[in-house]
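What follows is a single structure, written as structure tokens, with notes after it.
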Amino acid sequence: MAGGSLKNMVVAFLVPLPSILFYLSFVRPRGDDAAATPLSSWCAEHPLLLANVLFFLNVDVLFWLVGLLLSNHWLIDLYWTVIPVMLMHYYRGHPASVTDAVRSAVAVALTWVWSARLTHNYLRREGWEFGKREDWRFSEMRGQYGKTWWWMSFFAVYLSQQVFLIGICLPMYAIHSSNQPWGIWDLVATAACIAGIVIAHFADTQLHKFVTRNEKLKKLGEPTIPTLEDGLWRYSRHPNYFGEQLWWWGLYLFAWNLGQGWMFVGPLVNSMCLGYVTVLVERRMLKQEHRAEAYKLYQKRTSVWIPWFRKAVPEMKEKET
């Protein structure tokens, strides 16, 4: 492992410690009510507010400062796959937690599987290196904002992520705020979550193989394949996005079943954001001369997100690179 990657790995393991230590020191019950301080009492009575305070201080502020020091905001990408697991255990272990044991256990297990899959995909994409690069969207914004990027990044990269992550993880709070017995809708939610994880896994694996194959062809000086149109990608232009959204809407079903229908705002905002990202990604694809024409045809005959049968559009002669 390269020295820079090792340093970044150490940073990645150290940055969440402030929140973890605070949680263990002030929130977890210690069996002595007389020793409770005003701060610990407030923390025990306001789990959702405390989650936002910890996120703001530990992620928004600390991650931002680390990103400025490293001139690279890669940490938030890695922790997008980790923070939901931390939030799940935070809500589950909080003194105010009230839950059905089966629902809680299933939700925790599903979240761990989701996180393991996404973390594996992230590290595989980055060549198993920590902090290899920051998200291409951040790099583009860095160029757009120039000298003001140092402070704009706080809002664009970190504060916005708090809205998204806290919002889509609200069902985890709902799950640990009700002891309503396990029911049929919990089975439906579980099935949706599993389907989302499986679809996203196969879609990302197929994409990784496609990218790897094109990299090998490029090194050999041979023509690359302009578009991925095999497997799930034959029926959806973004099956990985579809699987990811199915996971979050499946998680929302747990909250809806518990009478917290308003929590749909979390996955809805996330879906809208991913819709915008989809537009950015496709514009980026069309700017690449060697695949622009092939991708235009791919757009005409293939569904955007939801897998569906292809439209009958005449084939075109692909350009060689």
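All values below come from the heavy atoms of this structure, side chains included, with hydrogens, waters and symmetry mates left out. FYI, the numbering just counts along the sequence from 1.
With rounding to the nearest 0.5 angstrom, the OG atom of S41 is 10.5 Å from the NE2 atom of H46. One finds the CG atom of L118 at 10.0 Å from the CG atom of L78 (value rounded to the nearest 0.5 Å). One distance of note links OG of S19 with CG of L50; it measures 8.5 Å at 0.5 Å rounding. For the atom pair CE (M263) and CG (L251), the distance works out to 10.5 Å, reported to the nearest 0.5 Å. The distance from atom CG of L297 to atom NZ of K311, rounded to the nearest 0.5 Å, is 12.0 Å. Atom CH2 of W150 and atom OG1 of T148 lie 10.0 Å apart (nearest 0.5 Å).
Nearest approach of D60 to L159, heavy atoms of both residues: OD2-CD1, 3.3 Å. In terms of heavy atoms, A156 sits closest to S160 at O-OG, 2.8 Å. Heavy-atom minimum distance, G131 versus W74: CA-CD2, 3.3 Å. Contact between F202 and L232 at its shortest, heavy atoms only, is CB-CD1, 3.9 Å. The two residues S5 and F130 come nearest to each other via the heavy atoms OG-N, 3.0 Å. Residues Q260 and Y252 share a closest heavy-atom pair of O-CE1, 4.1 Å.
Two residues are said to be in side-chain contact when any heavy atoms from C-beta on lie closer than 4.5 Å; L70 and N8 meet this criterion. With a 4.5 Å cut-off on side-chain heavy atoms, T99 and Y91 do not count as touching. Proximity of W114 to H201: side-chain heavy atoms (C-beta onward) are nowhere separated by under 4.5 Å. Side-chain atoms of W128 and H120, non-hydrogen and from C-beta on, do get closer than 4.5 Å to each other. Side-chain contact check for L57 versus P18: every heavy-atom pair is 4.5 Å or farther apart. Counting heavy atoms from C-beta outward, Y235 and S303 have side chains that stay 4.5 Å or more apart. Within the 4.5 Å cutoff, the side chain of M9 has heavy atoms near those of the L6 side chain. In this structure, the side chains of R284 and L280 stay at 4.5 Å or more apart for every pair of heavy atoms.
When hydrophobic clusters are built by joining Ile, Leu, Val, Met, Phe, Trp and Tyr residues whose side-chain heavy atoms come closer than 4.5 Å, directly or via intermediates, Y241 is not grouped with W308. Transitive grouping of hydrophobic side chains (ILVMFWY, heavy atoms separated by less than 4.5 Å) brings L75 and F155 into a common cluster. With hydrophobic clusters built from ILVMFWY side chains whose heavy atoms lie under 4.5 angstrom apart, V59 shares a cluster with F13. When hydrophobic clusters are built by joining Ile, Leu, Val, Met, Phe, Trp and Tyr residues whose side-chain heavy atoms come closer than 4.5 Å, directly or via intermediates, L24 is grouped together with L62.
No donor-acceptor pair closer than 3.5 Å links the side chain of T227 to the backbone N or O of Y295. Panel note: side chain R291, backbone M285; no donor-acceptor pair is recorded below 3.5 Å. Between the N121 side chain and the T205 main chain, no donor and acceptor come within less than 3.5 Å of each other. With N214 contributing its side chain and I225 its backbone, the two residues share a donor-acceptor pair below 3.5 Å. Remark: side-chain polar atoms of S236 are paired, donor with acceptor, to backbone N or O of H238 under 3.5 angstrom. A donor-acceptor pair under 3.5 Å links the side-chain atoms of S40 to the main chain of T37, judged by distance alone.
A ring-centre distance under 6.0 Å is found for H94 and Y90.
A salt bridge links E293 to K296: one of the charged nitrogens lies within less than 4.0 Å of a carboxylate oxygen.
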Begin from the C-alpha positions of T302 and R237 and carry the test side-chain hydrogen bond (donor to acceptor under 3.5 Å, both in side chains) through to its verdict.
CA-CA 6 Å; T302 310; R237 302 203 299 270; over 6 Å; no
If you apply the rule side-chain contact (heavy atoms from CB on, under 4.5 Å), what do you find for E126 with R133, and how did you get there?
CA-CA 8 Å; E126 300 301 305; R133 58 186 173 182; 3.1 Å; yes
Using the rule given for side-chain contact (heavy atoms from CB on, under 4.5 Å), can you reason through M152 versus Q144, listing the C-alpha separation, both sets of side-chain angles and the distance that settles it, and then say yes or no?
CA-CA 11 Å; M152 283 293 295; Q144 292 172 1; over 6 Å; no
Show, in sequence, the C-alpha distance, side-chain angles and deciding distance for V304 and F242, and conclude whether the side-chain contact (heavy atoms from CB on, under 4.5 Å) test is met.
CA-CA 9 Å; V304 181; F242 172 73; over 6 Å; no
Check step by step if side-chain contact (heavy atoms from CB on, under 4.5 Å) holds for V281 and W136.
CA-CA 10 Å; V281 169; W136 61 270; 3.8 Å; yes
Could you check R117 against D204 for salt bridge (Lys or Arg N to Asp or Glu O under 4.0 Å), going step by step and ending with a plain yes or no?
CA-CA 10 Å; R117 185 212 73 80; D204 278 332; 3.0 Å; yes
Give every donor-acceptor pair under 3.5 Å between a side-chain atom in residues 161-174 and any protein atom, sequence neighbours left out.
residue	atom	partner	partner atom	Å
Q162	NE2	N52	O	3.1
Q162	NE2	N52	OD1	3.1

Residues 265-277, side-chain donor-acceptor partners within the protein, below 3.5 Å, at least two apart:
residue	atom	partner	partner atom	Å
S271	OG	Q245	OE1	2.4
S271	OG	W249	NE1	3.0
S271	OG	P267	O	2.9

Please set out all donor-acceptor pairs under 3.5 angstrom arising from side-chain atoms of residues 181-198, sequence neighbours excluded.
residue	atom	partner	partner atom	Å
D186	OD1	R103	NE	2.8
D186	OD2	R103	NH2	3.0
D186	OD2	G183	N	2.8
D186	OD2	N257	ND2	3.4
T190	OG1	D186	O	2.8

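Within 6.0 Å of CG in L17 there are more than 12 heavy atoms belonging to other residues, nucleotides or ligands. More than 12 non-hydrogen atoms from other residues, nucleotides or ligands lie less than 6.0 angstrom from CZ of F210. The 12-atom threshold is exceeded at CZ of F154, counting heavy atoms of other residues, nucleotides or ligands nearer than 6.0 Å. By the 6.0 Å contact criterion, CZ on R124 is enclosed, its count of non-hydrogen atoms from other residues, nucleotides or ligands being greater than 12. In W112, the CH2 atom is not crowded: 12 or fewer heavy atoms of neighbouring residues, nucleotides or ligands sit closer than 6.0 Å.
Scored by the ring pair (Phe, Tyr, Trp, His ring centres under 6.0 Å) test, F264 finds no partners at all (sequence neighbours excluded). For T119, the side-chain hydrogen bond (donor to acceptor under 3.5 Å, both in side chains) partners are T81, not counting sequence neighbours. Not counting sequence neighbours, the partners of S139 by the side-chain hydrogen bond (donor to acceptor under 3.5 Å, both in side chains) test are E134.
When each of Y79, W64, F63, Y158 is tested with H73 by the rule ring-ring contact (aromatic ring centres under 6.0 Å, His included), just one qualifies, namely Y158.
Using cut-offs of 30° and 60° for the angle between ring planes, the W149 and Y145 rings count as parallel.
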